[in-house]
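Keep in mind it's a predicted model, so treat the numbers as computed, not measured. Throughout, numbering of the chain's residues begins at 1 and tracks the sequence.
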Amino acid sequence: MKTFRIGGVHPAENKLSAGKPIVTAELPKVAVFPLSQHIGAPAVACVAKGDEVKVGTKIADAGGFVSAPIFSSVSGKVAKIDTVIDASGYRKPAIFINVVGDEWEESIDRSDTLVKECDLEPKAIVEKIKNAGVVGMGGACFPTHVKLTPPPTAKPECVIVNAVECEPYLTADHQLMLEHPDEILVGVTLVMKAVNVNKGYIGIENNKPDAIKLMTEKAAQYPNIEVVPLKVKYPQGGEKQLIDAVIGRQVPAPPALPVSVGAILQNVGTMYAIYQAVQKNKPLFERVVTVTGKSLANPTNFMARMGTPMSQLIDACGGLPEDTGKVIGGGPMMGKALMNTEVPICKGSSGVLIMNQKESKRAEIDPCIRCAKCVSVCPMGLEPYLLATCSSLADWERDEKEDITSCIECGSCQFTCPSHRPLLDMIRLGKSTVMGIIRARNAKK
């Protein structure tokens with residue numbers, strides 16, 4: 001069975017919410033929309049205090065080409081434009097809307113009728129995706145229309161759908177495939193048409209046999225789409241690792257992109273959002289979110305509107321357990337601890353993990369024993385112990401020389417370290433610093 005060839009680890013899966021049907025979350029009383037919900041320039045508010053909006057009303061325009069508009073997920077009145085602490089822990093500009101009812105824009109097709117045919121030209125498909133505010137739903141939140149507009153020198157050969165969901169605990173993508181396989185497959189055909197390729201792959205890890213079976217049966221109607229079962233290994237959901245696993249090609253070091261080896265990658269949740277945007281005129285304003293944890297009374301997969309506070313979803317699962325140690329936005333490997341549970345659901349909110357005190361407590365740090373385990377598991381072929389050491393010594397020049405910007409921050413090194421050293425923490429510091437230095441250097445040219 002296929003997998004990527006360099007590094008990787010096998011953390012406990014803990015898929016506590018697997019098989020749990022998607023539950024529609026209740027509407028919040030106040031919906032909060034941070035203007036930075038994607039990589040690139042923040043969106044720019046196009047509403048003001050007192051404006052009335054409906055579900056699907058645009059409330060913020062894209063702030064540039066690498067940006068995405070934001071749409072209201074509720075109907076009501078704009079209360080204010082202020083700041084809010086988002087999942088990053090920083091205060092960001094945001095739009096606050098007092099919720100009144102649930103009135104939708106009439107242009108949105110709310111029926112369950114599957115729409116397969118699309119007579120739009122490729123550029124028109126990309127434009128609809130762009131205007132609907134669709135971004136990567138796997139967590140990176142890269143504006144989708146940018147990925148679907150590769151450089152003129154690049155030649156896409158295939159579309160690869162990331163349905164791996166290799167992060168422990170998270171099951172949102174898995175359940176989405178079980179409940180909406182047809183819409184996802186139509187989404188794949190739309191992307192294939194948009195980038196003018198005739199081959200699509202859907203990579204699914206073999207710990208999801210029901211999804212593999214269902215998607216394979218449904219894909220039989222589409223001769224150019226192939227479901228590829230993959231061995232379970234983290235971080236197979238990384239774009240370079242998935243390309244290696246599915247088509248056996250390795251993407252060169254940055255600034256090379258996946259399209260340099262002929263691949264266009266999209267998350268399975270993004271494919272569903274693309275279907276809704278193109279075929280149903282529905283902007284991206286809701287998504288599937290897994291709320292889970294070993295001490296949580298009822299781990300659940302929610303269809304939640306953007307702007308809903310995470311605390312509301314936690315309460316719907318039985319409330320915050322008494323032994324809570326940390327609340328993580330995302331999964332345990334790449335997610336980040338939240339400052340509070342009032343953080344709103346955004347486009348990249350794949351999950352909320354409640355970790356108990358025992359599992360959230362870090363072990364005491366010991367000296368490095370030079371075992372090289374971190375080197376053997378790094379999926380990018382880097383030397384994490386060296387990058388972390390250089391970062392701790394503020395040796396940014398050496399960090400850059402050792403290719404720290406290629407780190408995908410998967411946490412495999414820190415997970416496997418027998419000395420419990422905070423390798424990822426130090427590498428993140430070094431990577432962000434080096435990238436800042438490179439940007440400043442380029443600005444002077």
* Asked: Is a side-chain donor-acceptor pair under 3.5 Å present for K15 with T292?
  -> no
* To do: Write down the atom of V251, the atom of S260, and the distance for their closest heavy-atom approach.
  => CG1-OG, 4.2 Å
* With a distance cut-off below 6.0 Å to the six-membered ring centre and an angular limit of 45° from the axis, does K233 pair with F4 as a cation-pi contact? -> yes
* Applying side-chain contact (heavy atoms from CB on, under 4.5 Å), run through Q279 and E117 and close with a yes or a no. => CA-CA 9 Å; Q279 305 293 73; E117 301 302 320; 5.8 Å; no
* Should V135 and Q37 be marked as a side-chain contact (heavy atoms from CB on, under 4.5 Å) after you check the CA-CA gap, both sets of side-chain angles, and the distance that decides it? -> CA-CA 9 Å; V135 303; Q37 296 192 32; over 6 Å; no
* Can any side-chain N or O of K347 pair as donor or acceptor with the backbone N or O of G133 at less than 3.5 Å? -> yes
* Asked: Where do I274 and G187 come nearest, in terms of heavy atoms and distance?
  -> CG2-O, 4.3 Å
* **CE on M137 to CG on N162, rounded to 0.5 Å** => 13.0 Å
* Mind listing the closest non-hydrogen atom pair of I225 and M192 along with its distance? => CG1-SD, 3.9 Å
* Asked: More than 12 heavy atoms of other residues, nucleotides or ligands under 6.0 Å from CG of N442: is that the case?
  -> yes
* Shortest non-hydrogen separation from A43 to I70 and the atoms involved -> CB-CD1, 3.9 Å
* Asked: Does one side chain, of N298 or K20, offer a donor that lies under 3.5 Å from an acceptor on the other?
  -> yes
* Determine whether V261 and Q250 make a side-chain contact, defined as any pair of heavy atoms from C-beta on separated by less than 4.5 Å. => no
* Supply the atom-to-atom distance D244 CG to Q236 CD, rounded to the nearest 0.5 angstrom. => 9.0 Å
Output side-chain donor-acceptor pairs under 3.5 Å for residues 176-186, partner residues at least two apart or in another chain, one line each.
unit_1	atom_1	unit_2	atom_2	d
E179	OE2	I22	N	2.8
E179	OE2	Q175	NE2	2.9
H180	ND1	E183	OE2	3.3
D182	OD2	K218	NZ	3.3

* To do: Using modelled atom types only, decide if a donor and an acceptor are shared between the side chain of R287 and the backbone of S349 within a distance under 3.5 Å.
  => yes
* **Any donor-acceptor pair under 3.5 Å from E165 side chain to I204 backbone** => no
* Distance-only side-chain donor-acceptor flag, S72 / T57, under 3.5 Å -> no
* Check: K130 and P143 side chains under 4.5 Å, non-hydrogen atoms -> no
* Short question: side chain of T290, backbone of A172 - any donor-acceptor pair under 3.5 Å? -> yes
* **Worked verdict on D102 versus R305 for side-chain contact (heavy atoms from CB on, under 4.5 Å)** => CA-CA 11 Å; D102 191 29; R305 305 275 183 97; 3.1 Å; yes
* Can you list every salt bridge (charged side-chain N to carboxylate O under 4.0 Å, His left out) pair that touches residues 247-258, not counting sequence neighbours? -> E157-R249
* Gap between atom CG of N281 and atom CD of E106 - 0.5 Å precision -> 13.0 Å
* Would you check if I314 and Q312 make a side-chain contact, meaning some heavy-atom pair closer than 4.5 Å? => no
* **Donor-acceptor under 3.5 Å (S75 side chain, V55 main chain)** => no
* Structure fact -> Contacts satisfying salt bridge (charged side-chain N to carboxylate O under 4.0 Å, His left out) that involve residues 84-95 (not counting sequence neighbours) are D86-K92
* To do: Answer yes or no: is there a side-chain heavy-atom contact under 4.5 Å between S311 and N340?
  => no
* To do: Indicate the atoms forming the closest heavy-atom contact of P156 with V259, along with that distance.
  => CG-CG2, 3.9 Å
* Please report the shortest heavy-atom distance between Y234 and C410, naming the atom on each side. => OH-O, 2.6 Å
* May I ask you to test the M306-P344 pair for a side-chain heavy-atom distance under 4.5 Å? => no
* Asked: With W396, which residues qualify under ring pair (Phe, Tyr, Trp, His ring centres under 6.0 Å), at least two apart?
  -> none
* To do: Evaluate the criterion side-chain contact (heavy atoms from CB on, under 4.5 Å) for residue pair I438 and T405; output intermediate values, then yes/no.
  => CA-CA 10 Å; I438 292 173; T405 56; 4.1 Å; yes
* To do: Decide if atom CE of M339 counts as having more than 12 heavy atoms of other residues, nucleotides or ligands within a radius under 6.0 Å.
  => no
* Is there a donor-acceptor pair under 3.5 Å between the side chain of D61 and the backbone N or O of C46? -> no
* Asked: Do the non-hydrogen side-chain atoms of V191 and T270 ever get within less than 4.5 Å of each other?
  -> no
* Look only at the side chain of K128 and the backbone of V278, and say whether a donor-acceptor pair between them is shorter than 3.5 Å. => yes
* Quick check: are there more than 12 heavy atoms from other residues, nucleotides or ligands sitting under 6.0 Å from CD of E217? -> yes
* Asked: CG/L387 to CD1/I427 distance, rounded to the nearest 0.5 angstrom?
  -> 5.0 Å
* Structure fact -> Residue pairs passing the ring-ring contact (aromatic ring centres under 6.0 Å, His included) test with at least one member in residues 62-106, sequence neighbours excluded, are F65-H145, W104-F285
* With sequence neighbours excluded, what pairs up with H38 under the ring pair (Phe, Tyr, Trp, His ring centres under 6.0 Å) test? -> none
* L230 vs K2 side-chain heavy atoms within contact, under 4.5 Å -> yes
* Atom pair CD (E13) and SG (C166), whose distance is rounded to the nearest 0.5 Å -> 10.5 Å
* Asked: Under 3.5 Å, side chain of Y275 to main-chain N/O of V115, donor-acceptor pair present?
  -> yes
* Say you draw a straight line from CD1 of I437 to CG of D399; how long is it, rounded to the nearest 0.5 Å? -> 9.0 Å
* Asked: Should P168 and M333 count as side-chain neighbours, where that means a heavy-atom distance under 4.5 Å?
  -> yes
* Check against side chain to side chain donor-acceptor pair (under 3.5 Å), K431 and S391 -> CA-CA 8 Å; K431 181 181 174 181; S391 295; over 6 Å; no
